[in-house]
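Every heavy atom of this structure was used, including side-chain atoms; hydrogens, water molecules and symmetry mates were not.
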Amino acid sequence: MKAGRLLTPFISPAKGIVDVPGSKSFTNRALICAGLADGTSVIENFLMADDTEAMIAALEDLGVLVIADENGGSLQVTGLSGPPAISDISINARLSGTTSRFIVPAVAVGRGKFTISGEAPLMRRPFHDQIVALRSLGANISELGEAGCLPLKVDANGLEGGTIHVSGEKSSQFASGILMAAPLMKNGLTLHLEGAVVSRPYIELTLDVMRRFGAEISNPADGTYVVSPTGYQPAEYYVEPDASAASYMFAAAAITGGTVRVNGLSRSSKQGDIKFVDVLEDIGATVHSGDTFLEVSGGPLSGGKFDLKDFSDTAQTLAAVAAFASAPIEIEGIGFIKAKETDRIEAMATELERCGVSVNRSQNGMVINPNQWALRSAQVETYDDHRMAMSMSLLSLRVSGIEILDPECVDKTFPKFFEVLESLRDNNDFFSGTTPVIAIDGPAGAGKSTIAKLLAEHLGVPHFDTGAMYRAVTLACLDAGLDVENVQAVALLAKKIEIRVGSRVQIDGVDVSERIRGIEVGQNVSAVAANSLVRTILVERQRRWAIESGGGVMEGRDIGTAVFPDAALKIFLTATVDVRAKRRFDEKSDQSLEQVKKEILSRDETDSSRQDSPLRIAANAVIVDTSNSTIGRTVELLGMLFRSEVIQ
Ligand code: DC
């Protein structure tokens, strides 16, 4: 069995100020430029992760000296003072797309024989466009394996440079790699980008880093870049925090309605992924940009249609956020992410579906159709893709039982991801400022009564069954021969009678515990529960009841939304319709399973569509799916959430 990491939902909005690792894109570009520069550069706030380690190892193979300072804050890179010159070596780019696509042009401008390979998933990724472009400049490249893929052998003898046309349709990494090698071509290079360029901001970012290391580039026309044969000068370079890594923290704020600040970023960053916050703003979050920080506060999230072509690394983050929006979110312009670490559209759609989210895939993107009622606990596959692990982890903020398989894949770009996410947990003292009530809401058959009762016992606090109150009023009406549709009269009766709900239920001192569970009460209680006047009377009593008892576990349909919206812990207990129907069927056998299922669906509809206090998932409620859990395990989980314990 694969090792997984079971994540604990947040019971309060995410809150905090965090540092995220330096940008992978900047780090690997700065490493290449520094590695080819004439002297020693210092790179600060670099990202130390799988992809950058792959780049450092590749540069060291080429003779670049890389020394990390004691606390790992900066790197000293002593460059080759020109193109690499070596007799015959093999370089393993591991799983790193940027390393392979930046190193191949860098060795092509050098002298010697270079074999570039990688781990199996990298060898499957396309290389064709770069091979064609480099060959057109005179590079001698052989494909040792499958055509258009790694491993490649470069028999290098320097490049003269000149003019080339590079397709920008599949990956901007090809163009970036060739541009970075261009200052070392004898005559420099004029590069024309052709077709719709995916991720254009990455090209801007490449040019920005190159200029910082002394390159001279002009841009006489859109998509045309002229690079002079200047070589590179050493520089002191500060790597900006990674905007894609920051997207997960901003998403946490959006999903939980919290506030999260990431240091060192601003809206004017050259990183394309910074645009992710614009999307969050469009769907309802608030963004505050300082000079040295960017902060997102969540709000109710709406739907929308967004083209993520220029910031596709955040497409999975947005897809995860979409699971909590109030309307569908359509992501387009990202067909090319099918050829990333994995087919990211297919992988994300599959894993969201596993968690109960409906997704329509297309060649160019996907549409996420949120329905929080359908959210389920699940074991989530990560496909060796760090972004799958990080984005799917976001579901766990609101949904219990999300287990991320192979969580170590986050090491690729964000080794401390889980710690940083965890630091946003607001470990509120339960009893300060909020009502010490655990609110348990959910549809019929989710297990509310049993679980609420056991949880109250487990914690040694009172249990409040609010449904019994509505049932008691209904019984009193029936006994008095009142029409339950007579709004005014029913409310008057509700006001007059004294209802006691404890281990037994009494009306005016008479025990009615069994009678309120009768068929006739069951058939009429919905009408009574839909009576706004009755609700006003009973909700007031429920509040007083809990406050006078010093808090406890209260179950119903509107506890987290109307009775105690500031409850210390809000739970939305749910299960699939099939499981709920089976449970009810096992309790009473006078109906067929199909009939029971139909009745449950119609009750879901009545409970959630009535005018007054419909059954809704409260803001910040933790969604707990009991479909595959035992009662004991659910009670234990809720106890842990109550005690603010994190699943280890
Ligand atoms: O949980 P139960 O089946 O005993 O609830 C009886 C009815 O009362 C059911 O139709 C939903 C309604 N109810 C409600 O509207 N609000 C509550 N807080 C509790 C129950």
Side-chain angles (χ1 to χ4, degrees), residues 10 12-23 25-26 45 199-202 204-205 208 239-334 368 370 387 390-391 393-395 397-398 413-414 417 420-421 423-426 619-620:
F10 279 23
S12 306
K15 194 170 136 193
I17 301 176
V18 292
D19 288 306
V20 301
S23 147
S25 310
F26 277 122
N45 194 43
S199 316
R200 184 180 288 273
Y202 280 110
E204 295 297 324
L205 196 146
D208 190 57
V239 179
E240 213 175 75
D242 189 79
S244 340
S247 76
Y248 306 106
M249 304 303 140
F250 295 139
I255 290 171
T256 62
T259 296
V260 174
R261 175 180 291 193
V262 176
N263 289 321
L265 276 178
S266 78
R267 267 188 147 156
S268 56
S269 165
K270 284 232 161 28
Q271 297 179 64
D273 289 346
I274 207 76
K275 288 214 190 93
F276 178 71
V277 299
D278 297 347
V279 176
L280 290 183
E281 197 170 54
D282 273 358
I283 61 173
T286 310
V287 180
H288 180 50
S289 177
D291 285 344
T292 56
F293 69 83
L294 196 52
E295 185 176 278
V296 171
S297 299
L301 303 175
S302 58
K305 185 172 173 177
F306 302 96
D307 185 335
L308 265 69
K309 173 163 64 63
D310 287 345
F311 47 115
S312 62
D313 272 351
T314 62
Q316 289 146 294
T317 323
L318 181 58
V321 170
F324 301 96
S326 59
I329 288 191
E330 181 170 354
I331 307 176
E332 53 178 13
I334 55 164
I368 297 96
R387 302 213 182 282
M390 294 191 278
S391 49
S393 293
L394 296 169
L395 269 81
L397 298 172
R398 295 279 315 276
T413 52
F414 199 162
F417 170 76
V420 177
L421 187 67
S423 76
L424 298 177
R425 187 185 295 279
D426 187 12
N620 270 105

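For Arg267 and Glu281, the salt-bridge test passes: some basic side-chain N is under 4.0 Å from an acidic carboxylate O.
To the nearest 0.5 angstrom, Glu330 atom CD is 11.5 Å from Leu318 atom CG. Going from atom OG of Ser423 over to atom CE of Met249 covers 7.5 Å, rounded to the nearest 0.5 Å. In this structure, CG on Asp242 lies 6.0 Å from OG on Ser25, to the nearest 0.5 angstrom. Between Glu240 atom CD and Ser269 atom OG the span is 3.5 Å, to the nearest 0.5 Å. The CZ atom of Phe311 sits 11.0 Å away from atom OH of Tyr202, with the distance rounded to the nearest 0.5 Å. We find the CG-CD1 distance between Asp278 and Ile283 to be 12.0 Å, quoted to the nearest 0.5 Å.
At distances below 3.5 Å, at least one donor-acceptor pair connects side-chain atoms of Thr256 with backbone N or O atoms of Ala14. When atom types are taken as modelled, the side chain of Ser266 and the backbone of Ser289 share no donor-acceptor pair closer than 3.5 angstrom. In this structure, the side chain of Ser312 does not engage the main chain of Ile334 through any donor-acceptor pair within 3.5 Å.
Side-chain contact between Thr259 and Glu295 is present, with at least one heavy-atom pair separated by less than 4.5 Å. Between Gln271 and Pro201 there is no side-chain heavy-atom pair separated by less than 4.5 Å. In this structure, the side chains of Phe250 and Leu280 come closer than 4.5 Å at one or more pairs of heavy atoms. Counting heavy atoms from C-beta outward, Phe414 and Val420 have side chains that approach closer than 4.5 Å. Proximity of Leu265 to Phe293: side-chain heavy atoms (C-beta onward) are nowhere separated by under 4.5 Å. Side-chain contact between Ile255 and Arg398 is present, with at least one heavy-atom pair separated by less than 4.5 Å. At a threshold of 4.5 Å between non-hydrogen side-chain atoms, the residues Val287 and Leu294 count as touching. Residues Pro370 and Ile329 are not in side-chain contact: their nearest non-hydrogen atoms beyond the backbone lie 4.5 Å or more apart.
For the residue pair Ala251 and Val321, the shortest heavy atom distance occurs at CB-CG2, 3.5 Å. Residues Ala252 and Leu421 share a closest heavy-atom pair of CB-CD1, 4.1 Å. Taking all atoms of both residues into account, the shortest heavy-atom contact from Leu395 to Ala320 is CD1-CB, 3.9 Å. Counting all heavy atoms, side chain and backbone alike, Met390 lies closest to Thr413 at CE-OG1, 3.6 Å. Summarising the geometry of Pro241 relative to Gly264, their closest heavy-atom pair is CD-O, 3.3 Å, with the distance given to 0.1 Å. Heavy atoms only, all atoms of each residue included: Phe26 and Ser23 are closest at N-OG, 2.9 Å.
Within the structure, side-chain hydrogen bond (donor to acceptor under 3.5 Å, both in side chains) pairs that include any residue of residues 245-255 comprise Ser247-Thr317, Tyr248-Arg387 (at least two apart or interchain).
For the residue pair Ser12 / Asp426, no side-chain donor-acceptor distance below 3.5 Å is found, with atom types taken as modelled.
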Determine whether Thr286 and Val296 satisfy the following criterion, side-chain contact (heavy atoms from CB on, under 4.5 Å), listing intermediate values before the conclusion. CA-CA 6 Å; Thr286 310; Val296 171; over 6 Å; no
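For NZ of Lys275, the number of neighbouring non-hydrogen atoms (other residues, nucleotides, ligands) closer than 6.0 Å is greater than 12.
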